[in-house]
There are 2 protein chains.
Amino acid sequence: MDGGQQGQPGFSARLDDFLCFSIYAAEHAFSRAYKPLLAEIGLTYPQYLAMTLLWGEDDQTVGQLSQRLSLESSTLTPLLKRLEADGLLSRHRDTKDERVVRVKLTPAGDKLRQKAQTIPACILQATGMSLEELGALREQILALTKRLQTAAGGD
Amino acid sequence: MDGGQQGQPGFSARLDDFLCFSIYAAEHAFSRAYKPLLAEIGLTYPQYLAMTLLWGEDDQTVGQLSQRLSLESSTLTPLLKRLEADGLLSRHRDTKDERVVRVKLTPAGDKLRQKAQTIPACILQATGMSLEELGALREQILALTKRLQTAAGGD
DNA sequence: TGATAAACAGTCGTGCACGACTTAATCGTG
DNA sequence: CACGATTAAGTCGTGCACGACTGTTTATCA
């Protein structure tokens, strides 16, 4: 490690550029790692993330999924429609409040969970990291994300 | 029907799901944090990343940029064409090897660097982290990315 | 030397992601 | 009840990202 930090003005700016570069690359790397595994069960990466939320808790609204995925409804609606066309879920207006649409797994969608169960272990192995390391890294990234969102919203 | 599937030992698999969720969210958060700043100078987030590479080293080939951004040429070519249409760079075949296209900044593209110089500091402030923390986090993410890429390529 | 393979950038079709706008239902206050 | 404001989901247009394919140029080999 070099003891002296190069104090060029504007040089320090490079460092956080590199952080966003690394996040950018990591996101692509994850997507590419999942892609061949997901292709076998006919899902794209964002579709898999949405299905994972439903596997964890069925019968969610578009708004809930939108918030948990950090996606706009304009992005999520077509994605859910494709999953519906594939027979994996159903979309129906809530009878109480007809503004909201409830998304529920079909038997086929629930069944797919079994096939998808082996995927996380494959990715875990690909990372070559322990669960503790992954958890710690996740916490750091979540904290960073929260700060970026707060700064963006409150600025 | 599977009765009571929650709480199975398969939930340990959830942890790395959460890591990919966090990367997914962080990538969006970065993109959204940059977006309003970049809008002022007329760049999108991926365009900014490409320009940043050129500001660091002018006169690169499409292949070099493609590799450094982890993007396919089919993604990069239209992006560069838009930047060319905006007058920020030029694209010309190499006279020695006409298979490669060299990308160079125009005076306008070089000038834009001055305007963009203040952006990284804004993002740095939004993260609320020190340069050391950012650097350490970056190293972890790069290491993770490298492992994912190696596993995907060599498996 | 002529055939063949490899490398490079580009085109096309599909899906993701957003902002701006639209439509429809609900709520709040009088 | 009325009526504007709010909320929820969806539509549309633009740009990003990929895989599969194409076309041209360069390199290699029999």
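Remember, predicted model here, so these are calculated numbers, not experimental data. In what follows, every chain begins at residue 1, and chains take the letters A, B, ... in the order their sequences are listed.
- If you check D:dA9, C:dG15, C:dG10 against the side chain of A:Val62, the one that comes closest is D:dA9.
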Distance-only criterion, 3.5 Å: show the donor-acceptor pairs between side-chain atoms of residues 95-102 of chain B and protein atoms not counting sequence neighbours.
{"unit_1": "B:Asp97", "atom_1": "OD1", "unit_2": "B:Arg99", "atom_2": "N", "d": "3.0"}
{"unit_1": "B:Asp97", "atom_1": "OD1", "unit_2": "B:Arg99", "atom_2": "NE", "d": "3.1"}
{"unit_1": "B:Asp97", "atom_1": "OD2", "unit_2": "B:Arg99", "atom_2": "NE", "d": "3.4"}
{"unit_1": "B:Asp97", "atom_1": "OD2", "unit_2": "B:Arg99", "atom_2": "NH2", "d": "2.9"}
{"unit_1": "B:Arg102", "atom_1": "NE", "unit_2": "B:Asp59", "atom_2": "OD1", "d": "2.9"}
{"unit_1": "B:Arg102", "atom_1": "NH1", "unit_2": "B:Asp94", "atom_2": "OD2", "d": "3.1"}
{"unit_1": "B:Arg102", "atom_1": "NH2", "unit_2": "B:Asp59", "atom_2": "O", "d": "3.2"}

Extract from the structure each pairing of a protein N or O with an N or O of nucleotides 1-4 of chain D at less than 3.5 Å, listing the distance.
none

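- Shown for residues 97-106 of chain A: residues whose heavy atoms fall under 4.0 angstrom of DNA chain D, namely A:Arg99, A:Val100, A:Val101.
- Partners of B:Leu142 under the side chain to side chain contact (heavy atoms under 4.5 Å, CB included) rule, at least two apart in sequence or in another chain, are A:Ser22, B:Arg138.
- B:Glu139 meets the side-chain hydrogen bond (donor to acceptor under 3.5 Å, both in side chains) test with no other residue; sequence neighbours excluded.
- Of the residues in residues 86-93 of chain B, those with a non-hydrogen atom less than 4.0 angstrom from any atom of DNA chain C are B:Arg91, B:Arg93.
- A:Thr75 is linked by a side chain to side chain contact (heavy atoms under 4.5 Å, CB included) to A:Leu71, A:Glu72, counting only residues two or more places apart in sequence or in another chain.
- In this view, A:Arg82 satisfies the side-chain hydrogen bond (donor to acceptor under 3.5 Å, both in side chains) rule with no residue, not counting sequence neighbours.
- A:Lys81 is linked by a side chain to side chain contact (heavy atoms under 4.5 Å, CB included) to A:Thr77, A:Arg91, counting only residues two or more places apart in sequence or in another chain.
- Look at CZ on B:Arg82: it is 13 Å from P on C:dG10, rounded to the nearest Å.
- Classification of the B:Tyr45-A:Tyr24 ring pair by plane angle, with boundaries at 30° and 60°, yields perpendicular.
- Of all the residues in residues 63-77 of chain A, A:Gly63, A:Ser73, A:Ser74, A:Thr77 reach under 4.0 Å from DNA chain D with at least one non-hydrogen atom.
- The CD-P distance, from B:Glu84 to C:dA9, rounds to 14 Å in whole Å.
- The OH atom of A:Tyr24 sits 13 Å away from the C1' atom of C:dC16 (whole-angstrom rounding).
- Side-chain proximity of A:Pro46 to C:dC16, C:dA9, D:dA9: nearest is C:dC16.
- In this structure B:Arg68 satisfies the side-chain hydrogen bond (donor to acceptor under 3.5 Å, both in side chains) test together with B:Glu57, B:Gln60, sequence neighbours excluded.
- In this view, B:Asp110 and B:Arg113 satisfy the side-chain hydrogen bond (donor to acceptor under 3.5 Å, both in side chains) rule, not counting sequence neighbours.
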